[in-house]
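In what follows, a single structure is set out as structure tokens and then discussed.
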Amino acid sequence: MKGAYTKIGPSPHWIAPQGSIRLATAGSGDVLAGMIGALLAKHLSTRKACAIACSIHALAGASMKKGDTASNLLEKIKLYLP
């Protein structure tokens with residue numbers, strides 16, 4: 001669920017408290033959806049895939065600068081991956 005904080009459901013909801021206004025850019029949600037899909041392909045549960053993807057997405061988003069794009073976000077996400 002979109003908003004100031006990401007809610008991961010179904011109930012009881014997990015709330016990802018991280019976030020950044022910088023993530024409100026074209027393609028950012030597509031990046032998040034791709035991350036979730038990749039984790040699901042690795043056979044993680046839906047809930048775990050969403051929680052992990054949202055956390056990494058938010059951490060990378062926090063380091064975005066004004067004018068950054070989804071491509072910049074991808075580069076920042078790579079910093080959090082092994």
Side-chain angles (χ1 to χ4, degrees):
M1 181 182 294
K2 292 171 83 171
Y5 301 106
T6 301
K7 294 179 186 174
I8 302 164
S11 290
H13 289 102
W14 289 356
I15 298 175
Q18 312 92 341
S20 171
I21 191 71
R22 303 278 186 234
L23 288 170
T25 186
S28 176
D30 296 321
V31 170
L32 177 58
M35 292 171 64
I36 293 169
L39 291 169
L40 290 172
K42 294 276 198 180
H43 305 290
L44 269 71
S45 71
T46 302
R47 199 171 178 105
K48 284 182 183 177
C50 290
I52 291 167
C54 285
S55 295
I56 293 171
H57 188 256
L59 286 169
S63 65
M64 290 177 71
K65 307 255 186 292
K66 185 176 181 177
D68 276 355
T69 64
S71 294
N72 300 117
L73 178 60
L74 281 172
E75 292 304 315
K76 293 177 187 312
I77 286 169
K78 289 178 187 178
L79 300 174
Y80 293 96
L81 303 177

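Throughout, residue positions are numbered sequentially from 1 according to the sequence presented.
- Side-chain contact between Lys65 and Arg22 is absent, with no heavy atoms from C-beta onward closer than 4.5 Å.
- Nearest heavy-atom pair across Met64 and Lys76 is CA-CE, 3.7 Å.
- Taking hydrophobic clusters as Ile, Leu, Val, Met, Phe, Trp and Tyr residues chained together by side-chain heavy-atom distances below 4.5 Å, Ile36 does not share a cluster with Leu81.
- Across all non-hydrogen atoms, the minimal contact from Val31 to Ile77 is CG1-CD1, 3.5 Å.
- Nearest heavy atoms, Ala70 versus Gly27: CB-C, 3.7 Å.
- Between Leu73 and Leu23 the shortest side-chain heavy-atom distance falls below 4.5 Å.
- Within the model, atoms CG of Leu39 and OG of Ser45 stand 10.0 Å from one another, a figure rounded to the nearest 0.5 Å.
- Across all their heavy atoms, Gly67 and Asn72 have their closest contact at O-OD1, 4.5 Å.
- The two atoms that bring Ala60 and Ser63 nearest to each other are O-OG, 2.9 Å, heavy atoms only.
- Among all heavy-atom pairs drawn from Leu40 and Ala49, the shortest one is CD2-CB, 3.8 Å.
- Only one option out of Ile56, Ile52, Leu74 pairs with Met35 in a side-chain contact (heavy atoms from CB on, under 4.5 Å); it is Ile56.
- Using modelled atom types, one side-chain atom of His57 and one backbone atom of Ser28 make a donor-acceptor pair closer than 3.5 Å.
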